[in-house]
Amino acid sequence: MNELMRIVDIDEEYVYLQALEASNCSSCAIKGSCNLTGDPNRKIKAINSNKLHLNKNEFVYIKKIDSLESKVAFIMYGIPLLTMVIITVLLFSFGLNEIISFILGLTGMLISYYFIHLYDKKVAKTKYVPEIIEKVGIYRNFQI
């Protein structure tokens, strides 16, 4: 999915962008849940892998990963929940007390959150960052 955004800041590693509100966003049924409307305080970081010459207040198209929200939600919530349920059920089925099985299941969930935190710091920092694909000269259908 491609999105039109305005450049608000540039550093050596990332280009920081602000989402624009399209003219048809006001009539959209999911306007509040997409988080792409133009909030002046919200910056999205992107990678300039094509080495385009960019300046502040220019407009660019970024390529976002499709269904990224579903993948991130599963990693952040699904994996720890599955870990807790599997550990709790296995320990209870092996004859441990319910409370001890539940506490060890919660401990397993916390340990999985720690590994997700390490994954987020090392891999997800660059894997899920949007990429700038082209610079746009003229914008007509968007509000600043």
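Below, each value reflects all heavy atoms present in this structure, side chains not excepted, and no hydrogens, waters or symmetry copies.
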Using atom types as modelled, flag every donor-acceptor pair under 3.5 Å from a side chain in residues 98-108 to any protein atom, sequence neighbours excluded.
from: S101; atom 1: OG; to: F92; atom 2: N; distance (Å): 3.3
from: S101; atom 1: OG; to: N97; atom 2: O; distance (Å): 2.9
from: T107; atom 1: OG1; to: I103; atom 2: O; distance (Å): 2.8

In a table with atom names and distances, give each donor-acceptor pair under 3.5 Å that connects a side chain of residues 109-117 to protein atoms at least two apart or in another chain.
from: S112; atom 1: OG; to: M109; atom 2: O; distance (Å): 2.6
from: Y113; atom 1: OH; to: M76; atom 2: O; distance (Å): 3.4

* Asked: Taking only residues two or more places apart in sequence, or in another chain, which ones meet Y16 in a side-chain hydrogen bond (donor to acceptor under 3.5 Å, both in side chains)?
  ->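 Per chain and number, Y16 pairs via side-chain hydrogen bond (donor to acceptor under 3.5 Å, both in side chains) with D11.
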* Taking all non-hydrogen atoms of both residues, which atom of L54 and which atom of I10 are closest, and how far apart? -> O-CD1, 3.4 Å
* To do: Could you please spell out the steps behind the side-chain contact (heavy atoms from CB on, under 4.5 Å) verdict for K56 and D9?
  => CA-CA 6 Å; K56 279 187 176 182; D9 198 12; 3.8 Å; yes
* Which residues satisfy the side-chain contact (heavy atoms from CB on, under 4.5 Å) test with L81, sequence neighbours excluded? -> M84, V85
